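Below is one structure, written out as structure tokens, with a few remarks after it.
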2 protein chains.
Amino acid sequence: MRRSERKIERIINYRRVLIKLERAGETNIFSHQLSALTNATPAQIRRDLMEMDTSGSPAHGYVVKDLIKSINNYIGADKEQVAIIGLGNLGKAITNYVNGSSENLKIVAGFDIKSEKVNRVVAGCHSYHLQDFEKIAKERGIKTVILTVPVRVAQDVAEQVTKAGVRGILNYAPVNLHLSDDIYVENRDMISAVEKVAYFSDH
Amino acid sequence: MRRSERKIERIINYRRVLIKLERAGETNIFSHQLSALTNATPAQIRRDLMEMDTSGSPAHGYVVKDLIKSINNYIGADKEQVAIIGLGNLGKAITNYVNGSSENLKIVAGFDIKSEKVNRVVAGCHSYHLQDFEKIAKERGIKTVILTVPVRVAQDVAEQVTKAGVRGILNYAPVNLHLSDDIYVENRDMISAVEKVAYFSDH
DNA sequence: AGATGTGAATGGGTTCACAGCA
DNA sequence: TGCTGTGAACCCATTCACATCT
């Protein structure tokens with residue numbers, strides 16, 4: 001089944017806040033409370049949760065623990081092994097950030113082509129020369145990469161990693177990648193993001 | 001008129017690639033060419049461009065120069081003054097990145113609360129203590145900020161800056177901000193982004 | 001009383017398909 | 001021939017509204 005991107009993104013957010021709630025000792029939650037924590041509407045949340053194998057009760061809402069389990073069951077809970085390509089400022093920042101906070105995935109390898117960037121450790125993650133990508137990716141079963149490389153090489157690097165078995169790319173380079181359409185690409189161009197917000201600040 | 005977020009985002013992307021094309025000496029472009037550069041479909045592009053005050057010709061497509069002018073006219077072309085709050089790794093990376101590449105905006109001031117982070121210069125941008133935000137924001141007419149602060153202070157900082165006149169926030173903290181609903185908030189949580197891509201790599 | 005679960009209605013964005021044109 | 005401009009059709013996501021449950 002082809003699932004909606006928007007919905008998956010929301011469900012991922014529900015899971016994060018539910019995990020926090022569980023840690024904080026909360027056992028139950030109503031859709032309107034989850035709404036306040038995620039900026040989805042209560043109706044949307046109930047709708048998203050419909051095809052989970054847990055249901056809530058009018059009296060006590062949803063059981064946090066069960067809901068987390070259902071979400072894991074729905075979207076998968078394997079601790080995903082991810083690689084990052086490009087260890088400039090942005091790459092290092094993302095690595096620190098993700099490895100410091102995510103429950104559900106880990107950046108396990110970094111890659112670059114500059115000799116002073118390889119064979120280091122950043123946020124508990126070893127860095128390699130890009131030419132070793134295929135070998136490491138196969139060993140680790142890496143199917144997802146974060147691309148934080150300069151625009152001029154982004155297409156080449158994307159082709160290289162997909163040839164090595166990568167199926168999904170989170171692309172921070174402001175360029176449209178052309179890849180086989182069974183590869184999932186998410187663009188997170190930061191400049192567009194700021195320009196967009198600047199536009200709406202004025203309108 | 002309330003304009004669609006998606007559409008504005010696409011138009012911002014069209015502008016960026018058009019500026020590049022103009023620099024490269026291209027004078028004309030067809031919708032299918034712009035499509036290859038932006039991952040919008042040709043029909044979508046023609047539709048987006050409908051309410052611009054330029055139209056294309058079947059024989060030569062759109063005139064790049066005119067189209068840029070129309071887009072500027074449509075969404076505004078003032079070089080927007082933006083501030084960034086939180087000068088950790090991510091904040092510094094974004095500042096370098098944006099100030100090195102954007103045509104249409106500039107990060108003109110950075111803010112932090114740690115004494116070792118204030119009174120520095122990052123990417124041509126002076127850093128101040130957060131307590132001076134209101135003063136600087138008023139002087140500079142800052143209406144847009146990028147938030148790269150820890151989760152636990154994000155809500156407080158967001159309230160502080162909106163009190164000082166900010167109208168739009170690009171929020172990198174993985175938390176849902178509660179603000180007056182005439183404030184535009186765009187969430188770009190990086191962990192969700194990676195988790196989403198990891199999900200679709202497997203599906 | 002106040003919440004969930006959900007069919008039905010709504011609304012908005014995207015794509016189709018084709019007339020008009022160089 | 002092959003593109004633009006655009007009404008109409010389509011499709012998908014969100015919201016409404018209410019029966020149901022505790």
Side-chain angles (χ1 to χ4, degrees), chain A residues 1-14 18 21 26-68 70-71 74-75 176 181 187 196 199-200 203, chain B residues 1-14 18 21 26-68 70-71 74-75 176 181 187 196 199-200 203:
Chain A
M1 195 224 312
R2 180 110 221 111
R3 284 165 172 172
S4 148
E5 291 193 26
R6 301 287 199 83
K7 182 173 169 178
I8 293 297
E9 211 167 353
R10 284 193 303 269
I11 291 176
I12 285 169
N13 285 331
Y14 303 155
L18 288 167
L21 288 170
E26 300 290 333
T27 59
N28 291 74
I29 190 164
F30 292 113
S31 63
H32 68 267
Q33 297 174 309
L34 197 47
S35 168
L37 295 167
T38 60
N39 87 346
T41 66
Q44 203 166 31
I45 290 169
R46 296 201 305 276
R47 174 74 56 196
D48 288 339
L49 265 30
M50 262 178 68
E51 51 192 280
M52 303 278 140
D53 55 16
T54 301
S55 56
S57 92
H60 307 102
Y62 302 89
V63 176
V64 173
K65 190 162 59 69
D66 295 352
L67 201 44
I68 293 171
S70 296
I71 292 177
Y74 186 79
I75 61 176
N176 188 39
D181 59 9
N187 293 303
K196 180 183 173 189
Y199 171 84
F200 283 105
H203 290 82
Chain B
M1 192 223 314
R2 179 111 221 108
R3 283 165 172 173
S4 149
E5 291 193 24
R6 300 287 198 85
K7 182 173 170 178
I8 294 296
E9 210 167 354
R10 284 195 302 271
I11 290 175
I12 285 169
N13 285 330
Y14 303 155
L18 289 166
L21 287 169
E26 300 289 332
T27 58
N28 292 73
I29 191 164
F30 292 112
S31 63
H32 67 268
Q33 298 174 308
L34 196 49
S35 169
L37 295 167
T38 59
N39 88 345
T41 65
Q44 203 167 31
I45 290 169
R46 295 200 303 275
R47 176 73 56 196
D48 287 339
L49 266 29
M50 262 178 67
E51 50 192 280
M52 303 280 139
D53 55 16
T54 302
S55 56
S57 91
H60 307 102
Y62 302 90
V63 176
V64 173
K65 190 162 57 69
D66 296 352
L67 201 44
I68 293 170
S70 296
I71 292 177
Y74 186 79
I75 60 177
N176 189 38
D181 60 8
N187 293 305
K196 180 183 172 190
Y199 171 84
F200 283 105
H203 290 83

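Model, not experiment: these values are computed from the prediction. Note on naming: letters A, B, ... go to the chains in the order of the sequence lines (proteins, then strands), and numbering restarts at 1 for each one.
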Nearest-nucleotide comparison on DNA chain D, the residue closer to the 5′ end among A:Lys7 and B:Ser31: B:Ser31

Side chain proximity check, A:Ile12 to A:Ile75, heavy atoms < 4.5 angstrom: yes

Pairs meeting criterion ring pair (Phe, Tyr, Trp, His ring centres under 6.0 Å) with involvement of residues 33-57 of chain A, two or more places apart: none

For chain A, the stretch of DNA chain D it reaches, first to last nucleotide, under 4.0 Å of its heavy atoms: D:dA13 to D:dC21

Nearest heavy-atom neighbours spanning B:Ala40 and B:Tyr14: CB-OH, 3.6 Å

With A:Phe30 via ring pair (Phe, Tyr, Trp, His ring centres under 6.0 Å) - residues at least two apart: A:His32

Expected output: side-chain A:Asn28 to main-chain A:His60 donor-acceptor under 3.5 Å: yes

Rounded distance (Å) that lies between atom C1' of C:dT4 and atom CD of A:Gln33: 14 Å

A:Arg3 to A:Tyr74, cation-pi by 6.0 Å centre distance and 45° axis angle: yes

Pairing residues for B:Glu5 by the salt bridge (Lys or Arg N to Asp or Glu O under 4.0 Å) criterion, not counting sequence neighbours: A:Lys196

Set of ring pair (Phe, Tyr, Trp, His ring centres under 6.0 Å) partners for A:Phe200, sequence neighbours left out: B:Tyr184

Between P of C:dA3 and CG of A:Asn28, the distance in whole Å: 14 Å

Neighbours of DNA chain C within residues 53-64 of chain B, by heavy-atom distance under 4.0 Å: B:Pro58, B:Ala59

side-chain contact (heavy atoms from CB on, under 4.5 Å) partners for B:Ala59, two or more places apart: B:Ser57

Spacing between A:Arg47 atom CZ and C:dT6 atom C1', to the nearest angstrom: 6 Å

Bend angle of the helix from C:dA1-D:dT22 to C:dA22-D:dT1, end axes from five pairs each (to 10°): 0°

Close residues, residues 37-44 of chain A, relative to DNA chain D [heavy-atom separation under 4.0 Å]: A:Thr41, A:Gln44

Separation of C:dT15 P from B:Arg46 CZ (nearest whole Å): 12 Å

Heavy-atom closest pair, residues B:Ser35 and B:Pro42: OG-CD, 3.5 Å

Beyond-backbone contact of B:Ile8 with A:His203, side-chain heavy atoms, under 4.5 angstrom: no

Results of salt bridge (Lys or Arg N to Asp or Glu O under 4.0 Å) for A:Arg46 - residues two or more places apart only: none

side-chain contact (heavy atoms from CB on, under 4.5 Å) against B:Asp53, all qualifying residues, sequence neighbours excluded: B:Ser70, B:Asn73

Between C:dT4 (P) and A:Ile45 (CD1): distance, integer Å: 9 Å

Between P of C:dG5 and CG of A:Leu49, the distance in whole Å: 8 Å

Any donor-acceptor pair under 3.5 Å from B:Asp48 side chain to B:Lys7 backbone: no

Could you go over nucleotides 10-12 of chain C and give all protein N or O partners under 3.5 Å, atom names and distances?
none

A:Met52 CE - C:dT6 P separation (whole Å): 13 Å

Integer-rounded Å distance: C:dT14 P and B:Asp48 CG: 8 Å

Pairwise side-chain contact, B:Leu18 with B:Leu34, heavy-atom cut-off 4.5 Å (strictly under): yes

